Amino acid sequence: MPRALSPPDRPIQVTNERHPAMSKQIRLNAFVMNCIGHQSMGMWRHPRDESRRYRTLDYWTNIARTLERGLFDGLFIADVLGVNDVYGGDASAAIRSAAQIPINDPLMLVSAMAGATSHLGFGVTCSLTYETPFVFARRMSTLDHLTGGRIGWNIVTGYLDSAARAAGMRKQVAHDERYDMAEDYMAVVYKLWEASWDEDAIVCDRETAVFADPAKIRVIRHDGPYFQIEAMHLCEPSPQRTPVLYQAGASPKGMGFATRHAECIFINGPSRHVIAGYVRRLREALVARGRAPDSVLIFNMLTVIVAETDAEAEAKLAEYRQYVSREGAFALLSGWSGLDFSQLDPEEQVRHVRTDSMQTAIDRFSAANPDKTWTVGEMADFSGIGGAGPVIAGSPQTIADELEGWMEATGVDGFNLAYTVMPECYVDFVDLVVPELRKRGVYKQDYAEGTLREKLFLAGPRIGAGHPAAEIRALKGQAPALQDA
Ligand SMILES: Cc1cc2nc3c(=O)[nH]c(=O)nc-3n(C[C@H](O)[C@H](O)[C@H](O)COP(=O)(O)O)c2cc1C
């Protein structure tokens with residue numbers, strides 16, 4: 001019997017005809033963070049866990065090679081620029097349990113991993129609240145060059161007040177306004193990436209001594225509500241120009257932003273029912289925007305524990321559970337939601353509360369999940385392994401059945417696989433589950449050629465027509481229009 005640790009699910013029939021059950025290939029990202037504990041708190045104590053080596057290149061290049069051996073589409077690196085200091089009013093619980101602290105810079109990992117692989121994509125989380133668009137655009141273009149067009153950006157606006165205080169602000173910008181800022185930020189980076197340099201700006205003619213043609217490089221002027229710049233992009237056009245855009249907003253405002261900008265969307269929820277609801281709303285919102293419902297790849301977070309047999313996998317999960325840090329789980333839940341869980345009774349029912357952090361962190365367990373009521377204690381226990389996402393444990397056949405079942409029931413395109421014990425969780429998945437998926441014909445036999453965008457969408461390396469970045473590209477050559485766009 002499949003061992004699904006998510007709560008009992010009502011079967012959901014997804015009516016989206018562009019996603020006929022199981023005719024599509026399962027997409028996979030590994031979901032990591034440049035730290036010890038990302039989603040499964042306390043696993044660093046497990047005797048086989050190597051996450052303490054997160055400070056070494058060797059740790060990351062080994063993971064990247066393993067994922068490429070398993071034909072993963074990408075390695076997705078989460079990030080926060082603050083500490084989880086909401087639980088108990090300070091960061092001590094997070095610090096004790098290594099709950100996303102200490103945490104190193106995610107971008108720094110990419111060059112080494114790109115050097116160790118040829119196809120694996122890299123989705124890197126960078127918060128636009130704390131880095132100017134001009135500086136950030138150059139960092140991304142640099143990585144797009146160095147990876148040969150394998151870079152993606154997870155657009156986040158942050159959710160921790162501690163990050164805002166670290167950046168010299170009193171508190172973080174209010175939830176909905178963060179998305180307004182993000183809109184303005186995107187206009188700037190699109191101009192820099194798409195419109196500052198013409199495709200043929202580089203001449204590189206040794207005879208005439210002309211390296212680049214000044215007439216083909218434009219100064220971008222932007223005078224928006226949040227950002228004003230006058231600059232040319234410092235980088236020549238990179239393979240993708242605009243990196244592949246990932247986003248995870250799920251609140252009404254967040255969904256509006258995601259369906260306008262994202263090419264890939266991450267969602268999270270404790271059950272198929274919750275995920276299916278998000279997917280349905282996202283695809284409807286895409287259609288309302290005039291985008292095809294399947295123009296965006298939707299991934300949901302999932303934690304997989306696999307062994308040769310169901311019994312062995314359950315034993316492995318039970319063994320992992322012995323190391324769970326409930327305190328770490330509470331520290332994360334409090335940081336995500338903005339609610340201090342130390343003030344709540346574990347027997348208390350989880351209720352929908354509006355905060356300035358991730359609005360959907362609590363929704364997933366309340367408003368979006370009407371079939372089940374959760375207590376605060378249940379939510380923490382659920383989150384101990386795999387964060388607020390579902391956990392499935394079983395044999396390769398059971399896991400493959402579950403993945404196919406999730407695809408069919410929810411309409412997602414694939415999964416963001418969070419880690420437990422590192423790196424054994426990914427080695428096990430690649431050795432045991434990937435061959436089973438390939439045998440069933442639901443997983444790629446080889447990588448497609450080209451950039452990350454070409455591999456994911458089997459189209460060109462540049463962002464597609466109709467996207468706001470492509471609209472800015474189309475304005476190239478009309479400099480005055482660029483100033484107001
Ligand atoms: C799977 C997933 C991964 C996320 N990773 C990050 C992250 O690494 N850093 C971050 O600041 N926010 C992260 N977020 C938070 C989102 O960017 C966003 O703030 C969150 O979904 C709340 O948006 P909403 O209030 O519009 O629902 C993640 C969200 C999800 C669902």
Side-chain angles (χ1 to χ4, degrees), residues 29-35 37-39 74-84 99-100 103-107 123-131 152-164 166-167 172-183 245-262 264-270 274-275 277-279 281-282 285 297-303 332-333 335-338 352-368 383 386-390 412 414-419:
N29 286 322
F31 190 35
V32 301
M33 206 173 203
N34 195 357
C35 66
H38 177 208
Q39 300 284 336
L75 174 80
F76 186 83
I77 315 175
D79 191 39
V80 284
L81 271 168
V83 289
N84 287 289
Q100 304 187 352
I103 178 167
N104 283 350
D105 190 300
L107 278 178
V124 188
T125 301
C126 293
S127 170
L128 51 78
T129 311
Y130 305 111
E131 185 162 1
W153 171 29
N154 178 29
I155 310 163
V156 302
T157 58
Y159 54 85
L160 290 171
D161 262 331
S162 60
Q172 63 181 329
V173 177
H175 177 273
D176 282 8
E177 192 183 355
R178 293 204 294 273
Y179 284 110
D180 295 336
M181 271 180 75
E183 197 60 53
L245 300 174
Y246 297 75
Q247 223 277 324
S251 62
K253 192 92 176 178
M255 246 187 218
F257 182 87
T259 52
R260 181 165 148 77
H261 296 279
C264 301
I265 295 181
F266 289 139
I267 51 177
N268 192 13
V274 173
I275 293 294
Y278 282 142
V279 173
R281 287 195 295 281
L282 279 167
L297 296 175
I298 303 180
F299 295 80
N300 83 270
M301 192 178 98
L302 198 65
T303 298
L332 278 192
L333 284 171
W336 289 331
S337 64
H352 172 73
V353 186
R354 217 174 157 77
T355 70
D356 255 342
S357 296
M358 277 194 226
Q359 293 195 340
T360 37
I362 296 294
D363 258 16
R364 295 174 197 135
F365 292 91
S366 53
S383 304
V412 295
F415 304 95
N416 245 6
L417 298 180
Y419 64 86

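Atoms within each ligand, like the ligands themselves, are counted from 1 in listed order. Quantities reported herein were computed from a predicted structural model and do not represent experimental measurements.
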Legend entry - Selected option - heavy-atom contact closest to atom 18 (C) of ligand 1, from A78, A248, A418, A258: A248
Inset, instruction - Give yes if a backbone or side-chain nitrogen or oxygen of T157 is under 3.5 Å from a nitrogen or oxygen of ligand 1, and no if not. - result: no
Inset, instruction - Check whether any N or O atom of Q247, backbone or side chain, sits under 3.5 Å from an N or O atom of ligand 1, and answer yes or no. - result: no
Inset, instruction - List every atom of ligand 1 that sits less than 4.0 Å from any heavy atom of Y179, numbering the atoms from 1 in the order shown and giving each element. - result: 23 (O), 24 (P), 26 (O)
Legend entry - Which of the ligand 1 atoms, numbered from 1, are nearer than 4.0 Å to a heavy atom of G249: 23 (O), 26 (O)
Inset, instruction - Could you label the plane-to-plane angle of the F299 and F266 rings as parallel, tilted or perpendicular, counting under 30° as parallel and over 60° as perpendicular? - result: perpendicular
Legend entry - H175 contact mode with ligand 1 (heavy-atom cut-off under 4.0 Å): side chain
Inset, instruction - Evaluate the ring planes of F76 and F31, with Trp represented by its six-membered ring, and classify them as parallel (under 30°), tilted (30 to 60°) or perpendicular (over 60°). - result: tilted
Inset, instruction - Check whether any side-chain N or O of Y130 sits under 3.5 Å from a backbone N or O of A164 as a donor-acceptor pair, and report yes or no. - result: yes
Inset, instruction - Kindly say whether T129 contributes a backbone atom to a donor-acceptor pair with the side chain of R178 at under 3.5 angstrom? - result: no
Legend entry - Check: Q172 main-chain N/O paired with D161 side-chain donor or acceptor under 3.5 Å: yes
Inset, instruction - Check each heavy atom of D79 against ligand 1 and say whether those closer than 4.0 Å belong to the side chain, the backbone, both or neither. - result: backbone
Inset, instruction - Nearest heavy atom to atom 4 (C) of ligand 1 wins, so pick from F31, F257, F266. - result: F31
Inset, instruction - Classify the angle between the aromatic ring planes of Y179 and H175 as parallel (below 30°), tilted (30 to 60°) or perpendicular (above 60°). - result: perpendicular
Inset, instruction - Examine the side chains of N154 and T125 and answer whether a donor and an acceptor come within less than 3.5 Å of each other. - result: yes
Inset, instruction - Please determine if I155 has a nitrogen or oxygen closer than 3.5 Å to a nitrogen or oxygen of ligand 1. - result: no
Inset, instruction - Out of S251, A388, G254, indicate the one that has the non-hydrogen atom closest to atom 24 (P) of ligand 1. - result: S251
